[in-house]
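First up is the structure itself, then whatever we jot down about it.
Positions are given from 1 along the sequence. Every value quoted in this text rests on a predicted model; they were computed, and no experiment measured them.
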Amino acid sequence: MNCKLIIPTSEYADEIKAYRAEMNEAKSPLDGAIALESFEDPLEWIEYNRGLMNEDALPEGFVQATQFIYVRESDNKIVGMANVRHRLNDYLNNYGGNIGYSVRPSERRRGYAKSMLKEALAFCRELGIKRALITCNTDNAASRRTILANGGVYENTLKEPDGDKYIERYWIEV
């Protein structure tokens with residue numbers, strides 16, 4: 001399972017498009033792929049995420065973030081995506097956390113999420129983040145297992161303000 005986190009480039013445009021299509025076909029949320037659902041053109045999405053890396057040009061309500069694709073080295077296939085938020089605002093502190101991630105449906109149950117989260121936590125360490133908040137919906141047992149496998153310590157469960165979802169909050173020492 002040789003994979004690596006990579007900041008997306010135009011080289012991966014077709015793979016990003018395929019990832020988005022597979023997630024949409026499965027009606028799976030694009031967690032960890034900030035705003036990908038809003039971009040038909042992968043190149044526009046790549047550029048949008050580059051903008052989120054610039055602290056001085058963020059849209060209101062956003063924090064600086066780094067978008068990653070998780071690429072399997074043997075075939076250059078995107079098996080997952082992760083987004084690392086460099087700090088927490090009020091919403092992220094309660095519901096979103098420092099890291100969001102997802103694995104494409106055809107690649108699930110192979111340990112990719114666990115290793116991707118581990119690498120994202122290492123990136124948090126490089127940023128100087130001491131404790132990372134990771135959240136998941138209460139009905140997402142796979143994500144809960146991924147968080148716990150990476151040392152997550154449960155803090156509490158909160159109801160999302162604009163819906164009926166309940167969010168579990170876990171802290172991981174990085």
Flag for [Y]-[X]: side-chain donor and acceptor within less than 3.5 Å:
X      : Y      : result
Tyr101 : Thr146 : no
Glu107 : Tyr19  : no
Tyr70  : Glu119 : yes

[X] side chain to [Y] main-chain N or O, any donor-acceptor pair under 3.5 Å?
X      : Y      : value
Asn137 : Asp139 : no
Asn49  : Trp45  : yes
Arg85  : Thr66  : no
Glu15  : Ile78  : yes
Asn89  : Gly61  : yes

Considering non-hydrogen atoms only, spot the tightest contact between [X] and [Y] and give its length.
X      : Y     : value
Ala132 : Asn98 : CA-OD1, 3.4 Å
Thr9   : Arg50 : CA-NH2, 4.5 Å
Ser102 : Leu30 : OG-C, 4.4 Å
Ala82  : Leu5  : CB-CD2, 4.3 Å
Pro8   : Ile16 : CB-CD1, 4.0 Å
Cys3   : Arg72 : SG-CA, 3.6 Å

Practice item. Take Leu117 and Ile134, measure what side-chain contact (heavy atoms from CB on, under 4.5 Å) needs, and give me the verdict at the end. Key: CA-CA 10 Å; Leu117 180 55; Ile134 316 296; 4.1 Å; yes
**Study point:** Partners passing ring-ring contact (aromatic ring centres under 6.0 Å, His included) against Tyr12 (at least two apart in sequence or in another chain)
**Key:**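 Not a single residue meets the ring-ring contact (aromatic ring centres under 6.0 Å, His included) criterion with Tyr12.
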**Study point:** Charged N-O contact under 4.0 Å between Glu168 and Arg144
**Key:**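 The answer is yes: the pair qualifies as a salt bridge.
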**Study point:** Salt-bridge contact Asp14-Lys17 (side-chain N to carboxylate O under 4.0 Å)
**Key:**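 No, Asp14 and Lys17 are not salt-bridged.
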Check your understanding: Quick one: salt bridge (Lys or Arg N to Asp or Glu O under 4.0 Å) pairs with a partner in residues 20-31, sequence neighbours left out?
Key ->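 Qualifying pairs: Arg20-Glu40, Glu22-Arg104.
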Point to revise | Within residues 147-159 or reaching into it, pairs that qualify as side-chain hydrogen bond (donor to acceptor under 3.5 Å, both in side chains) - sequence neighbours excluded | key: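 Residue pairs with at least one partner in residues 147-159: Tyr154-Thr157, Glu155-Arg169, Glu155-Trp171, Asn156-Arg169.
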Check your understanding: When rounded to the nearest 0.5 angstrom, what is the spacing between CZ in Arg145 and NZ in Lys114?
Key ->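 With rounding to 0.5 Å, CZ (Arg145) is 11.5 Å from NZ (Lys114).
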Practice item. Determine whether Leu121 and Ile99 make a side-chain contact, defined as any pair of heavy atoms from C-beta on separated by less than 4.5 Å. Key: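 In short, these two side chains touch, coming nearer than 4.5 Å.
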Review point. With a 4.5 Å limit on heavy-atom distance, are the side chains of Met81 and Leu36 in contact?
Key: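 Met81 reaches Leu36 side chain to side chain.
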Review point. Hey, quick one: are Ile129 and Tyr95 part of the same hydrophobic cluster, counting side-chain heavy atoms closer than 4.5 Å, chains of contacts allowed?
Key: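 No, because Ile129 and Tyr95 fall into different hydrophobic clusters, even though each may have its own neighbours under 4.5 Å.
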Point to revise | Worked verdict on Tyr170 versus Leu133 for side-chain contact (heavy atoms from CB on, under 4.5 Å) | key: CA-CA 6 Å; Tyr170 295 85; Leu133 176 64; 5.8 Å; no
